[in-house]
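The structure's right below; bear with me while I get my questions together.
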2 protein chains.
Amino acid sequence: MKPLSIKDIAKKASVSITTVSFILNGKAREKRISEEVIKKVEDIIKEIGYKPNQIARSLRTGNTKTIGLLVEDISNPFFASIARLIEDKAYKKGYKISYSSTENDMEKANSLINMFRTRKVDAYIIAPVAGIEPVIRELIDDRKPVVFFDRTLAGVSTGSVVVDNFSGAYEATKHHILEGRKNIALVTVDMDVEQINERFEGYKKALKDAKIDFRSELVTKIDFSLSRESTVRELVTMFEARPEMDAVLFATNYLAVSGLMAIKELGKEIGKQFAVIAYDDHDIFRLHTPQISVVDQPIEQIADNVIDLILNKLSSGDKLKEIDKVKLMPKLIIR
Amino acid sequence: MKPLSIKDIAKKASVSITTVSFILNGKAREKRISEEVIKKVEDIIKEIGYKPNQIARSLRTGNTKTIGLLVEDISNPFFASIARLIEDKAYKKGYKISYSSTENDMEKANSLINMFRTRKVDAYIIAPVAGIEPVIRELIDDRKPVVFFDRTLAGVSTGSVVVDNFSGAYEATKHHILEGRKNIALVTVDMDVEQINERFEGYKKALKDAKIDFRSELVTKIDFSLSRESTVRELVTMFEARPEMDAVLFATNYLAVSGLMAIKELGKEIGKQFAVIAYDDHDIFRLHTPQISVVDQPIEQIADNVIDLILNKLSSGDKLKEIDKVKLMPKLIIR
DNA sequence: CTGAAAGCGCTAACAT
DNA sequence: ATGTTAGCGCTTTCAG
């Protein structure tokens with residue numbers, strides 16, 4: 001059963017397809033089409049359940065009403081939550097979100113962006129990875145709205161929504177210090193992305209401000225592509241090798257989960273002897289015994305700002321430059 | 001900067017657009033186009049970085065190389081993991097997955113399916129909700145491949161991949177009984193969907209087989225749309241009202257999370273006095289103190305089977321009927 | 001072996 | 001106030 005086209009409607013209503021198209025696009029008034037024709041056409045549309053072919057429409061108008069969203073990993077709750085919020089908001093404005101996970105892999109990110117391009121998405125929301133600068137520049141040259149979130153790319157100037165990573169790590173580390181911790185470890189990811197680097201800097205600065213020497217042997221960098229099991233393995237070894245350690249800051253939520261597993265395995269007790277702060281709030285940290293303190297990123301605000309920026313760019317034909325760099329503040333939640 | 005079209009390539013290579021199109025679609029050999037022309041065209045394509053316009057291609061061929069995936073909630077790790085796996089596999093076959101969350105809302109599901117239709121996705125993978133039978137039938141009439149997963153819809157005959165829910169709940173309940181529990185509660189969701197009903201039946205049957213009377217006051221049905229906080233509230237009240245309860249089975253992962261929060265709040269101890277089994281395995285249950293036993297659904301197998309079914313239907317022009325109903329077995333993991 | 005041309009379903013300038 | 005028509009970029013039949 002072939003789907004009906006605008007032509008069928010026109011025939012059935014004995015009007016031209018133009019008339020139908022105008023009615024379909026809410027231009028009936030503007031074009032002063034008579035009430036009775038409008039009614040007739042609308043009735044027929046409803047009756048036979050006609051749905052415009054979005055593909056044809058896109059080909060004609062050049063826009064797909066779709067926004068491409070590139071996250072690091074959609075099964076990471078931080079990104080999943082943001083994606084959900086963005087999707088809901090975009091949906092209300094008639095946009096569909098098309099998302100994919102880059103896994104922080106430059107090749108994959110490039111290939112996904114190219115997929116988005118061939119599918120002609122109208123705009124891009126991206127948690128960037130290093131090395132994709134060239135293709136991003138092409139997008140911008142193409143006059144496609146691009147908004148970064150979670151991190152930016154030095155050397156590419158476009159809208160962005162980030163959380164102050166330096167300050168998040170700084171405050172967390174400072175809290176450890178104020179609690180009297182002396183040997184504060186940092187577990188982070190071995191990846192040259194802005195937000196990770198900034199968290200590292202925040203950690204170092206807090207130590208410096210407290211006149212505590214930075215000791216590189218207290219910093220563990222885990223390969224992003226390492227499996228959960230291997231990560232836990234590495235952390236177990238690390239914890240065993242540094243018995244003097246009395247506090248740790250995990251730079252990402254998944255590292256914190258692995259870290260907690262390692263700690264559990266070691267039978268190490270979190271509390272007076274040993275303190276933990278994780279990045280990103282999540283059920284798992286609230287439910288843990290004892291509860292885990294976290295650096296909470298304002299997920300809803302991130303989503304709000306991202307979608308506002310992108311919709312603005314979309315509607316203004318990116319004429320307006322305005323404030324398109326947003327920096328939000330994280331919140332240290334002590335438990 | 002307007003993107004280049006096939007016409008530009010043709011002009012630059014001084015051949016017709018037909019030739020370019022054949023080369024683009026790997027039909028050069030078949031059409032016996034000369035090696036040198038092929039080489040020339042390919043070089044030009046590479047040089048100017050031409051990307052075919054997928055929209056135009058779709059309009060012409062009638063297929064979009066896109067599969068619509070409807071889950072309950074993409075931020076639920078069970079669905080997120082399946083979506084990731086399906087996406088990876090589909091990507092390798094040249095398909096893009098377009099996903100959305102129904103939130104078990106019939107209206108929303110219908111509207112999303114219609115969005116998929118106007119966007120002409122080639123096939124549908126759906127975790128169905130009651131009430132969408134009519135639109136699903138339309139899809140099937142349209143000859144679109146449809147595969148259900150996680151649950152099916154009575155009265156709609158199409159491919160499906162489900163896990164034996166009856167048996168999952170039965171085994172979990174039986175385990176409680178064998179451990180000597182007498183007052184086993186069930187916390188489930190107030191929703192008429194197949195997998196939930198079957199879990200309920202499994203619970204009842206296990207009790208019956210052990211000659212334990214079913215007591216409706218031990219069953220709590222939580223409204224799906226209730227917030228996390230309210231759910232915890234309700235469960236706290238329930239736990240307080242039933243001090244004799246010595247075991248509980250949670251019918252979904254998110255209910256288990258809420259339940260564990262309620263238990264934590266009450267200071268109730270999980271162990272000898274009180275046993276818990278959750279549905280779906282997840283970090284959070286492994287990391288909990290004490291660790292939580294679970295009914296683990298074979299996520300990878302679900303994804304594999306779903307994608308196989310859909311790709312088969314897609315390539316066979318749904319001629320083949322074959323075994324298109326798969327039922328997998330869950331695994332009880334005792335911790 | 002390659003080219004011309006029709007047409008997928010829709011929008012919108014231009015006619016009337 | 002409504003109709004005619006070109007054309008978005010591509011695939012594919014039919015001709016040569």
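Below, read A as the first sequence line, B as the second, and so on, with proteins coming before strands; counting in each chain starts at 1.
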Take atom CD in Glu107(B); do more than 12 heavy atoms of anything else shown fall under 6.0 Å from it?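 No, the 6.0 Å shell around CD holds no more than 12 heavy atoms from other groups.
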
Picking from dC10(D), dT11(C), dT4(D), which would you name as closest to the side chain of Asn53(B)?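 Nearest to the side chain of Asn53(B) among the choices is dC10(D).
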
Thr158(A)-Tyr124(A) side chain donor-acceptor pair, cut-off 3.5 Å: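 Short answer, no.
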
Pair Thr19(A)-Ser16(A), side-chain hydrogen bond (donor to acceptor under 3.5 Å, both in side chains): steps then yes or no: CA-CA 5 Å; Thr19(A) 307; Ser16(A) 81; 3.3 Å; yes

Closest listed nucleotide, where the reference is the side chain of Thr61(A) and the choices are dG3(D), dT11(D), dT11(C):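 My answer, after comparing the listed nucleotides, is dT11(C).
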
Would you mind reading off the distance between Lys11(A) atom NZ and dG3(D) atom P, rounded to a whole angstrom?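 The distance from NZ of Lys11(A) to P of dG3(D) comes to 15 Å, rounded to the nearest Å.
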
For the pair made of CD in Gln54(A) and P in dG9(C), what is the distance, rounded to whole Å?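 These atoms are roughly 15 Å apart.
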
Could you state the NZ-C1' distance from Lys7(B) to dG9(D), rounded to the nearest angstrom?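 My rounded result for the distance is 8 Å.
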
Is there a donor-acceptor contact under 3.5 Å linking the side chains of Ser58(A) and Arg119(B)?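 Their side chains do not contain a donor-acceptor pair, so the 3.5 Å distance test is not met.
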
If you check every side-chain atom of Ser34(A), which of dC10(D), dG3(C), dA1(D) has the closest atom?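 Of the candidates, dA1(D) comes closest.
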
dC10(C), dG3(C), dT4(D): which one has an atom nearest the side-chain heavy atoms of Thr19(B)?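 Nucleotide nearest to Thr19(B)'s side chain: dG3(C).
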
Compare every heavy atom of Val163(B) with every heavy atom of Ile302(B), then report the nearest pair and how far apart it is.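 Nearest heavy atoms, Ile302(B) then Val163(B): CD1-CG2, 3.7 Å.
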
Rounded to the Å, how far apart are Asn63(A) CG and dT11(C) P?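 Those two atoms, CG and P, are 11 Å apart.
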
When the distance from CG of Asp8(B) to P of dC8(D) is rounded to whole Å, what number comes out?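 Answer to the nearest Å: 11 Å.
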
Could you verify whether a donor N or O on one side chain and an acceptor N or O on the other, from Asn104(B) and Thr102(B), lie under 3.5 Å apart?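 Short answer, no.
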
Would you mind telling me which residue lines up with the more 5' stretch of DNA chain C, Ala56(B) or Ser16(B), judged by nearest nucleotide?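 Final value for this comparison: Ser16(B).
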
Nucleotide nearest Thr18(A) (side chain, heavy atoms from C-beta), chosen from dG9(D), dT5(D), dC1(C):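 The nucleotide sitting nearest to the side chain is dT5(D).
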
Nearest whole angstrom, please: distance from the P of dC10(D) to the NZ of Lys65(B).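 Going from Lys65(B) (NZ) to dC10(D) (P), I get 17 Å.
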
Of the options dG3(D), dG9(D), dA6(D), whose atoms approach the side-chain atoms of Ser5(B) most closely?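 Ranking dG3(D), dG9(D), dA6(D) by closest atom to the Ser5(B) side chain puts dG9(D) first.
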
To the nearest angstrom, how far is Arg119(A) atom CZ from dC10(D) atom C1'?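 Those two atoms, CZ and C1', are 15 Å apart.
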
Which nucleotide in dT2(C), dA12(C), dA6(C) has an atom nearest any side-chain atom of Val37(B):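 Shortest atom-to-atom distance from the side chain points to dT2(C).
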
Using 30° and 60° as the class boundaries, would you call the ring planes of Tyr99(A) and Tyr99(B) parallel, tilted or perpendicular?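 Tyr99(A) and Tyr99(B): tilted rings.
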
Closest to the Lys27(B) side chain: dG3(C), dT4(D), dT12(D)?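 My answer, after comparing the listed nucleotides, is dT12(D).
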
Leu24(A) CG - dC10(C) C1' separation (whole Å):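 To the nearest whole Å, that distance equals 9 Å.
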
Any side-chain N or O of Arg57(A) under 4.0 Å from OP1/OP2 of dT11(C)?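 Checking Arg57(A) against dT11(C): at least one side-chain N or O falls below 4.0 Å of OP1 or OP2.
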
Which residues within residues 39-52 of chain B lie with some heavy atom under 4.0 Å of an atom in DNA chain D?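 Within this stretch, Tyr50(B), Pro52(B) sit under 4.0 Å of the strand.
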
Would Ser101(A) and Glu72(A) satisfy side-chain hydrogen bond (donor to acceptor under 3.5 Å, both in side chains), going step by step from the backbone distance to the final call? CA-CA 5 Å; Ser101(A) 307; Glu72(A) 177 177 302; over 6 Å; no

